[in-house]
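The structure appears right after this line, and notes come after that.
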Amino acid sequence: WCSTARLYTEDDPLEILSSSSLKPTVTNSSSAWLVQFYSSWCGHCIQYSSTWKALAQDVKDWQQALSVAVLDCAQEENFDVCKEFSIKFYPTFKYFRAHSPETERGTIYRGADREIQSVRQLMVNILQNHTKLEWPNHCPPLQPYSSVQILPLLGQRSDHYTAVIIEEPESYVGREVILDLLQYSGVEVRRALSSDLPLLDALKITAFPSIYLLHPNGSHTHLHVQKKLRFFFSSLLRTLPGVQRRSKSSSSSSSSDGQMVALQDKHSTEPWRDFDRSQVYSADLDSALHYLLRVELATHNTLEGEELQIFKDFVTLVAKLYPGGGSVVKLMETLSDWLLSLPLQRIPYQAVLDLVDNKMRISGVFLGAELRWVGCQGSRAGLRGYPCSLWTLFHVLTVQHDAMPTALDNTALEGDAAAVLHVMRRYIRTFFGCEQCGRHFEAAAAASLETVQSREQQIIWLWNQHNTVNLRLAGSLSDDPLFPKAPWPSPSLCASCHEEKNGVHVWNQENVLLFLRRHFGASNLSPKYSL
Ligand code: FAD
């Protein structure tokens with residue numbers, strides 16, 4: 001058995017079962033299970049694995065009600081258990097109701113190897129097949145509510161929002177949104193049917209699906225959603241004020257989260273700065289450079305060899321591409337000229353710090369002498385801050401590189417369409433204080449950075465990579481409840497970036513590119529709160 005041939009790895013958002021874990025996992029469980037028994041030599045199973053992974057990602061937040069798993073019957077240690085569970089063909093899909101007894105061998109579902117949308121709907125049906133006694137512990141009610149149950153709630157105060165999705169009887173959107181919000185506190189989602197005329201009358205609903213929101217203070221409104229799609233409904237509810245993802249327990253968080261939290265600076269005593277999520281703030285970019293130059297790099301006593309080269313390239317990149325042409329650019333240009341004029345192979349880092357401080361004193365060229373987070377503020381100390389600003393800085397640089405194609409001419413980076421990513425990769429690998437983050441980023445770069453051949457692709461690659469990190473970290477220790485990690489940009493920032501294909505959320509990359517160019521472009525940079 002060759003481990004590189006495994007179809008599923010620990011990084012996939014599903015449970016990999018084995019002969020010893022199958023029964024303890026799927027029986028006596030508080031959630032239901034949908035298990036694919038596959039064989040790693042079966043061609044169809046190999047082809048289908050990408051769909052199964054995409055499905056598992058799509059329903060990751062449903063896990064407490066229904067979890068997705070795989071078991072490889074081609075592994076010798078699993079031969080007996082596959083026989084015991086009567087697996088004759090691959091793939092075989094079996095589901096196990098919540099609270100099944102140990103003797104349960106699962107119910108075969110034929111035809112699960114279909115498109116994501118139909119398997120997802122099957123999962124909803126599996127849940128609704130539970131009796132009251134078997135009902136998964138954390139699964140909210142999925143049956144429709146009637147006007148008799150809903151109308152008395154109007155005008156009542158509560159400690160949470162109640163969202164009512166009114167839809168046609170055959171629609172799955174309401175049930176899918178209920179399950180999408182399973183991991184979130186502060187909102188309860190209910191569904192009601194378009195056939196409930198007293199409800200439609202009272203709420204003045206005429207189109208389906210619609211979403212009606214009961215606020216904690218007793219007020220209630222019909223919510224406007226740009227597109228009547230599951231993703232839009234779920235995103236909207238997840239971003240209501242006070243709605244929060246329930247954090248995973250600290251024991252299940254990866255060690256890199258711990259590292260990340262430790263890396264971030266303390267800024268709890270700072271006053272809150274109101275800001276607009278559709279803007280980028282130069283105060284965040286300045287603070288990123290301040291932290292990078294005065295804290296992160298200052299832990300290195302000397303720079304030489306590859307480290308010195310990376311530092312020089314980073315300074316060149318910022319000097320040439322930093323938008324606005326203000327004092328930060330002047331400082332970086334001075335630093336760049338000084339570094340290039342040095343005949344030394346090795347410089348003490350104190351010399352860089354002296355230059356930064358002297359330059360500021362003599363010419364007034366200024367790099368904020370303190371951290372001042374705005375769009376990167378965290379709701380408490382240790383959240384967001386520097387890593388947020390570093391992502392933002394590199395997104396801005398990719399967009400600037402695209403907007404000013406000749407800016408890097410006559411530098412060591414001339415002619416490289418992925419210059420920003422190449423410098424970022426080397427910087428993160430060598431200097432970024434969160435080592436685990438660096439290892440993840442390096443693995444992603446090694447896997448696909450070569451495919452980036454244009455400055456447009458450079459913008460998209462970084463956006464895509466950042467979203468991969470967001471997905472991995474959603475609900476982890478470093479997730480700020482006020483800024484939960486989610487696919488970005490949200491529908492409220494860019495509705496045209498989102499579409500649905502065969503019932504599955506997809507990005508409209510052309511519109512994403514347009515959005516990124518505008519969002520991270522020089523004209524969207526706000527000087528508010530800058531010194
Ligand atoms: P961030 O993810 O830092 O995002 C900052 C801002 O960028 C957001 O507020 C939003 O406005 C915008 N944004 C969000 N998504 C995108 C996108 N897809 N494209 C463009 N803009 C976007 N932490 C770990 O625990 N483990 C890791 O492996 C890890 N790897 C990292 C790798 C790198 C290169 C960096 C810079 C950071 C890494 N971090 C990692 C830190 C983590 O990604 C966050 O930066 C940190 O937790 C702060 O999160 P945040 O809520 O401020 O949002």
Side-chain angles (χ1 to χ4, degrees), residues 11 239 244-245 247-248 250 252-265 267 275-281 284-285 287-288 291-292 296 373-399 420-421 423-445 449 458-490 492-494 497 507 509 512-513 515-521 524-526:
D11 288 338
T239 49
Q244 292 190 4
R245 179 185 272 279
S247 280
K248 288 176 197 159
S250 45
S252 66
S253 294
S254 70
S255 57
S256 63
D257 299 335
Q259 272 196 23
M260 200 63 251
V261 172
L263 177 73
Q264 287 149 342
D265 55 297
H267 44 99
F275 72 99
D276 176 350
R277 289 189 196 211
S278 67
Q279 288 213 292
V280 173
Y281 289 82
D284 288 318
L285 302 184
S287 297
Y291 188 93
L292 181 148
E296 190 155 78
W373 308 119
V374 182
C376 283
Q377 281 169 107
S379 64
R380 62 174 169 81
L383 292 175
R384 311 197 74 225
Y386 177 58
C388 166
S389 66
L390 198 60
W391 277 120
T392 310
L393 175 66
F394 280 110
H395 288 300
V396 166
L397 295 178
T398 60
V399 167
V420 177
L421 295 182
V423 173
M424 179 177 181
R425 176 184 185 175
R426 288 155 63 222
Y427 184 88
I428 297 289
R429 184 171 62 198
T430 313
F431 295 119
F432 191 40
C434 168
E435 230 183 311
Q436 292 261 8
C437 308
R439 268 203 287 280
H440 280 132
F441 193 75
E442 177 55 30
L449 210 149
Q458 180 174 236
I459 299 174
I460 289 288
W461 188 92
L462 192 59
W463 159 76
N464 194 35
Q465 179 49 32
H466 193 169
N467 266 342
T468 306
V469 176
N470 292 343
L471 274 184
R472 183 156 44 80
L473 297 181
S476 71
L477 268 186
S478 62
D479 207 4
D480 189 326
L482 259 193
F483 304 89
K485 292 190 170 60
W488 189 95
S490 64
S492 54
L493 280 178
C494 176
C497 291
W507 294 100
Q509 283 212 2
V512 169
L513 182 62
F515 171 81
L516 294 171
R517 281 184 171 138
R518 197 179 51 70
H519 183 81
F520 292 113
N524 198 36
L525 199 59
S526 167

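Note: hydrogens, waters and symmetry copies are ignored here, and every other heavy atom, side chains too, is used. If you're wondering where the values come from, they're calculated on a predicted model, not measured in any experiment. Both counts, for ligands and for their atoms, begin at 1 and track the order of listing.
Heavy-atom contacts of Asn467 reach the following atoms of ligand 1: 18 (N) (cutoff under 4.0 Å). Every atom of ligand 1 with a heavy atom of Phe520 under 4.0 Å away is listed here by number and element: 20 (C), 21 (N). Residue contact check: Phe441 has heavy atoms under 4.0 Å from atoms 34 (C) of ligand 1. Within ligand 1, the atoms closer than 4.0 Å to a non-hydrogen atom of Arg472 are 27 (C), 28 (O), numbered from 1 in the order shown. In the vicinity of Ser478, heavy-atom distances shorter than 4.0 Å reach the ligand 1 atoms 25 (O), 47 (O).
For ligand 1, the polar-atom distance check against Thr392 finds no nitrogen or oxygen pair separated by under 3.5 Å. Geometrically, ligand 1 and Gln436 share no nitrogen or oxygen pair separated by less than 3.5 Å.
Taking the side chain to side chain contact (heavy atoms under 4.5 Å, CB included) definition, one finds that Pro481 meets it with Gln244, Ser379, Leu383, sequence neighbours left out. Partners of Phe275 under the ring pair (Phe, Tyr, Trp, His ring centres under 6.0 Å) rule, at least two apart in sequence or in another chain, do not exist in this structure.
With atom 23 (N) of ligand 1 as the reference point, the heavy atom nearest to it among Thr398, Ile428, Leu473 is part of Leu473. Among Pro484, Gly378, Cys437, the residue whose heavy atom lies closest to atom 27 (C) of ligand 1 is Cys437. Summarising the contacts of atom 11 (O) of ligand 1 with Trp373, Tyr386, Trp488, Trp391, the nearest heavy atom is found in Trp488. Of the candidates His440, Lys485, Arg384, the one placing a heavy atom closest to atom 44 (C) of ligand 1 is Lys485. Residue His466 holds the heavy atom nearest to atom 14 (C) of ligand 1 of all those in His519, Arg277, His466.
A donor-acceptor contact shorter than 3.5 Å is absent between the side chain of Asp284 and the backbone of Trp373. The backbone N or O of Asp276 lies less than 3.5 Å from no partner atom in the side chain of Gln279, so there is not a single donor-acceptor pair.
Residue-level proximity to ligand 1 for Asn470 is carried by the side chain, the only part with a heavy atom below 4.0 angstrom. Counting heavy atoms closer than 4.0 Å to ligand 1, residue Val469 contributes side-chain atoms (C-beta onward) but none from N, CA, C or O.
Closest approach of Ser389 to Cys376, counting heavy atoms only: N-SG, 3.4 Å.
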Please lay out, stage by stage, how Asn467 and Trp507 fare under the test side-chain contact (heavy atoms from CB on, under 4.5 Å).
CA-CA 12 Å; Asn467 266 342; Trp507 294 100; 3.6 Å; yes
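With no hydrogens or angles considered, a side-chain donor-acceptor pair links Tyr427 and Glu296 at under 3.5 Å.
Between His395 and His519, the distance from one ring center to the other does not fall under 6.0 angstrom. Close placement of the Trp488 and Phe515 rings is indicated, their centers lying within 6.0 Å of each other.
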